**Student:** 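Okay, here's the structure, questions in a sec.
Computed from a prediction, not measured in an experiment: that's the story for all the values here.
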Amino acid sequence: MAVHARSVPHDVFALCAHGAAAPGAGDPLLTPIVQSTTYRQAGLGGGPGHAYSRVSNPTVSALEAALGAIEDAPPGACFGTGLGAEFALFLSVLRAGDHCVCGDKVYGGTTRLLRQTLADLGVRTTFVDATDPERVRAAITPQTRLIFVETPANPTLELTDIRAVASIAKEHGVLLAVDNTFLTGVIQRPLDLGADVSVYSTTKFIDGHSAALGGALVARDESLLERIRFIRKCTGGIQSPQNAWLTLQGLKTLPLRLERQCRTAVELASWLTGVEGVVRVYHPSLSGGDAARIASSQHTGGLHGGVVSLELDTERVDVAGFLRSLRLCSVVEHVGSVETLVTHPGTMTHADVPREQRIAAGLTDGLLRISVGLEGLASIQSDLLSALRASARERVVVSGERGASCVSVA
């Protein structure tokens with residue numbers, strides 16, 4: 001098994017801005033879009049370069065190198081979507097008769113893929129509360145080949161102790177994959193914590209502008225990456241050059257965007273805890289006890305992500321009316337853009353998750369996910385307050401020292 005040796009950590013700002021390639025005189029400042037399906041070859045037997053863009057492409061390779069370098073890993077493997085990346089991972093490590101342990105609080109598309117597609121291929125999945133490592137351990141069987149978790153969880157933002165689960169995975173000879181979409185390698189480095197694979201929907205924070213679909217897998221095990229690329233070659237799931245180029249442009253500002261979004265998210269989460277009509281607020285900055293320990297040990301720079309989730313009191317606030325009344329914040333099935341976005345997981349990202357499983361995981365009908373953008377905090381607060389006023393089932397009174405610190409449904 002060939003495993004990439006870690007190097008000294010790099011300047012993540014420089015890596016995101018410049019990419020992983022060493023620049024030379026006469027090189028273009030921006031990575032070119034190589035919009036070609038095929039490449040000239042010297043003769044029979046091909047050569048070390050690119051041959052066909054279903055297998056590899058220079059623009060895609062530049063993005064793969066940058067994403068790998070951020071996590072001190074070889075070039076990753078990029079795909080057309082995040083789900084395409086997940087499917088390639090599953091096909092790479094799971095066979096009929098195998099078993100997967102998956103966190104019960106993950107993206108709804110992941111749940112759908114395992115329950116409704118992989119199950120038909122003979123792969124069995126057990127969904128568990130991954131915030132409790134012992135539940136993960138108890139779910140492992142002799143047929144288990146993969147543990148898949150997302151931390152912070154989507155959309156409840158609960159945290160999984162990657163080190164603890166990685167230790168259990170290694171004890172049983174099982175691979176651990178971590179969906180790191182919400183934090184990216186800038187804030188959290190799963191491979192450093194013992195995970196085997198970092199999984200990304202690059203469509204989200206990495207692109208950051210709602211312009212390019214994409215997914216990526218990053219690992220340090222060269223043989224695993226070789227297998228993943230083989231599956232990609234067979235299934236044709238590689239990312240397009242245009243979308244790879246757009247993602248490279250988004251990557252340049254990723255650390256700066258994340259820092260602002262994370263700082264605003266902390267303030268927004270704290271403020272929301274004092275807003276009547278909101279019965280619960282989810283954000284790692286509000287966590288105590290073991291979750292606070294995990295956040296401080298896994299997340300770098302004191303940053304905990306730009307996503308805040310909240311649960312509205314559905315007896316006092318009409319959720320559909322609230323969403324219709326938003327003006328600054330956009331109601332979309334998305335996360336990670338420069339604009340503030342609001343999602344209703346129950347009818348959007350997790351609509352295909354069986355209701356019983358969804359409710360058990362805390363995804364109630366009143367739960368909303370807010371992806372904090374680059375707007376000023378006051379503008380976001382004002383829009384949320386206006387929507388609460390408009391959607392209250394009874395008259396709303398706004399009170400507080402600054403005139404907008406609390407919403408009370410009279």
Side-chain angles (χ1 to χ4, degrees), residues 105 131 152-159 182 258-296 299 302-331 335 339-346 361-410:
K105 302 174 186 71
T131 64
N154 182 5
T156 60
L157 307 177
E158 293 171 303
L159 304 181
F182 276 17
L258 274 176
E259 183 171 0
R260 177 174 173 86
Q261 289 167 314
C262 290
R263 303 293 186 202
T264 304
V266 169
E267 295 184 73
L268 182 66
S270 177
W271 173 79
L272 282 167
T273 61
V275 174
E276 293 190 30
V278 176
V279 295
R280 187 169 182 182
V281 182
Y282 300 85
H283 190 265
S285 66
L286 303 177
S287 301
D290 199 44
R293 175 192 62 79
I294 295 171
S296 64
H299 306 168
L303 305 177
H304 303 296
V307 178
V308 178
S309 291
L310 61 93
E311 186 176 347
L312 293 177
D313 184 344
T314 55
E315 293 186 358
R316 305 175 73 183
V317 180
D318 174 24
V319 177
F322 175 83
L323 294 172
R324 284 195 305 270
S325 301
L326 292 169
R327 295 295 177 264
L328 176 75
C329 304
S330 299
V331 180
V335 68
E339 303 89 0
T340 294
L341 313 174
V342 180
T343 299
H344 184 247
L363 278 67
T364 66
D365 293 337
L367 186 70
L368 299 176
R369 187 186 70 191
I370 302 176
S371 175
V372 177
L374 300 182
E375 306 94 341
L377 175 64
S379 295
I380 300 171
Q381 290 172 322
S382 177
D383 193 38
L384 296 177
L385 286 176
S386 296
L388 279 169
R389 291 192 195 99
S391 59
R393 298 189 187 278
E394 300 179 45
R395 186 172 62 88
V396 174
V397 176
V398 179
S399 61
E401 272 190 311
R402 293 175 292 177
S405 63
C406 180
V407 169
S408 176
V409 180

**Student:** Are the side chains of Ser309 and Val281 in touch, meaning some heavy atoms are under 4.5 Å apart?
**Tutor:** no
**Student:** Has the side chain of Ser382 got a donor or acceptor atom that lies under 3.5 Å from a matching backbone atom of Ala378?
**Tutor:** no
**Student:** According to side-chain contact (heavy atoms from CB on, under 4.5 Å), who are the partners of Thr314, at least two apart in sequence or on a separate chain?
**Tutor:** Val319
**Student:** Could you check if a side-chain atom of Asp313 sits within less than 4.5 angstrom of a side-chain atom of Val278, using non-hydrogen atoms only?
**Tutor:** no
**Student:** Tell me whether Thr273 contacts the main-chain N or O of Ser270 through its side chain, where contact means a donor paired with an acceptor under 3.5 Å.
**Tutor:** yes
**Student:** For residues Phe322 and Leu384, determine if any side-chain heavy atom of one lies less than 4.5 Å from a side-chain heavy atom of the other.
**Tutor:** yes
**Student:** Does CZ in Arg280 sit with more than 12 non-hydrogen atoms of other residues, nucleotides or ligands closer than 6.0 Å?
**Tutor:** no
**Student:** Just to verify, what does His299 make a ring-ring contact (aromatic ring centres under 6.0 Å, His included) with, not counting sequence neighbours?
**Tutor:** His304
**Student:** Residues in side-chain contact (heavy atoms from CB on, under 4.5 Å) with Glu375, at least two apart?
**Tutor:** Leu328, Glu339, Thr340, Ile380
**Student:** Do the side chains of Thr343 and Val335 get nearer than 4.5 Å, heavy atoms only?
**Tutor:** no
**Student:** Is it the case that the side chains of Thr131 and Glu158 hold a donor-acceptor pair, with the cut-off being a distance below 3.5 Å and no angle test?
**Tutor:** no
**Student:** Could you grab the distance from atom CZ of Arg369 to atom NE2 of His344, nearest 0.5 Å is fine?
**Tutor:** 12.0 Å
**Student:** Which residues pass the salt bridge (Lys or Arg N to Asp or Glu O under 4.0 Å) test with Arg260, sequence neighbours left out?
**Tutor:** none
**Student:** For residues 283-295, which residue pairs pass the side chain to side chain donor-acceptor pair (under 3.5 Å) check, not counting sequence neighbours?
**Tutor:** Asp161-Arg293, His283-Ser285, Asp290-Arg293
**Student:** Could you list the residues that satisfy side-chain hydrogen bond (donor to acceptor under 3.5 Å, both in side chains) with Ser379, not counting sequence neighbours?
**Tutor:** none
